[in-house]
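As structure tokens, the structure follows; a few thoughts come after it.
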Amino acid sequence: MKKPSLQQRLHAKKRSQALIVGVTWYTEETWAEVKATATDPVCFEDSFPKWKAMAVAARREFQRSGVRAIECQIVPEEFFAWCTQNAQENNATARAEFVSVSLTAAMNQHAAG
């Protein structure tokens with residue numbers, strides 16, 4: 001079997017690096033604060049330890065499938081301000097969008113720096 005060329009290897013590497021996902025991450029305090037004001041509290045696990053176990057498993061699953069999963073801490077004050085600015089409710093869609101926007105901004109900042 002022929003070894004892949006340098007160009008093929010670089011393409012493969014670039015492809016794998018392009019798959020990056022932000023995983024919503026909390027501390028016990030921020031989890032409770034965001035859950036308390038969520039319009040969809042049923043989307044949250046029953047307790048922080050249950051949420052943490054689910055989040056760690058999800059991150060591991062992403063990484064196992066070749067996706068870079070980056071923890072994105074939600075800072076409640078920043079998230080609530082973002083919701084107000086963007087006329088969003090505190091729900092799963094808004095939380096995911098906030099994490100995506102935050103990750104994109106952090107990646108762009110890192111690339112520029």
Side-chain angles (χ1 to χ4, degrees):
M1 191 164 148
K2 201 175 113 188
K3 234 174 105 179
S5 71
L6 176 61
Q7 190 171 5
Q8 287 170 323
R9 289 197 313 266
L10 288 174
H11 275 299
K13 185 176 170 128
K14 194 172 186 181
R15 224 180 6 257
S16 67
Q17 286 176 336
L19 295 172
I20 297 173
V21 67
V23 180
T24 306
W25 215 258
Y26 303 97
T27 64
E28 194 159 357
E29 294 74 31
T30 61
W31 180 83
E33 194 175 336
V34 173
K35 181 179 180 176
T37 60
T39 59
D40 59 351
V42 295
C43 287
F44 284 79
E45 281 64 28
D46 295 338
S47 66
F48 179 77
K50 284 185 181 175
W51 169 81
K52 180 92 178 204
M54 177 280 307
V56 168
R59 186 186 60 196
R60 191 177 304 124
E61 202 49 49
F62 276 125
Q63 290 169 331
R64 193 175 291 136
S65 63
V67 175
R68 271 185 68 197
I70 298 176
E71 293 174 14
C72 293
Q73 285 285 343
I74 285 198
V75 177
E77 299 73 36
E78 290 175 13
F79 173 62
F80 299 147
W82 179 87
C83 284
T84 302
Q85 280 176 333
N86 294 280
Q88 296 276 356
E89 293 183 337
N90 172 2
N91 59 31
T93 303
R95 291 187 296 273
E97 191 175 327
F98 176 75
V99 163
S100 178
V101 167
S102 301
L103 180 62
T104 301
M107 300 299 278
N108 289 342
Q109 195 174 22
H110 181 73

Mind checking what makes side-chain hydrogen bond (donor to acceptor under 3.5 Å, both in side chains) contact with [X], not counting sequence neighbours?
X	answer
Glu28	none
Thr37	Asn90
Thr30	Thr27

Quick check: closest heavy atoms across [X] and [Y], and the distance to 0.1 Å?
X	Y	result
Ile70	Ile20	CD1-CG2, 3.5 Å
Phe98	Trp82	CD1-CG, 3.5 Å
Pro76	Val34	CG-CG2, 4.1 Å
Cys72	Gly22	SG-CA, 3.9 Å

> For Asn91, what residues pass the side chain to side chain contact (heavy atoms under 4.5 Å, CB included) criterion, not counting sequence neighbours?
Replying inline: Thr39, Asp40, Glu89, Thr93, Ala94

> Hey, does the side chain of Ser100 reach the backbone of Ala96 with a donor-acceptor pair shorter than 3.5 angstrom?
Replying inline: no

> Is there a donor-acceptor pair under 3.5 Å between the side chain of Lys35 and the backbone N or O of Glu45?
Replying inline: yes

>> Trp25 and ring pair (Phe, Tyr, Trp, His ring centres under 6.0 Å): which single residue from Trp31, Phe48, Trp51 fits?
In response: Trp51

> What salt bridge (charged side-chain N to carboxylate O under 4.0 Å, His left out) pairs are there with at least one residue in residues 103-113, not counting sequence neighbours?
Replying inline: none

Working to the nearest 0.5 angstrom, can you tell me the gap between [X] [atom1] and [Y] [atom2]?
X	Y	atom1	atom2	answer
Lys50	Met54	NZ	CE	12.5 Å
Arg60	Ser65	CZ	OG	13.0 Å
Glu61	Gln63	CD	CD	10.5 Å
Tyr26	Phe79	OH	CZ	7.0 Å
Arg68	Leu103	CZ	CG	9.0 Å

>> Counting only heavy atoms not in Glu77 (residues, nucleotides, ligands), do more than 12 fall under 6.0 Å from its CD?
In response: yes

>> Among residues at least two apart in sequence or on other chains, which ones pass ring-ring contact (aromatic ring centres under 6.0 Å, His included) with Phe62?
In response: none

>> Hydrophobic cluster membership, with links at side-chain heavy-atom distances under 4.5 Å among I/L/V/M/F/W/Y: are Phe80 and Val75 in one?
In response: no

> Do the side chains of Cys43 and Arg95 get nearer than 4.5 Å, heavy atoms only?
Replying inline: yes

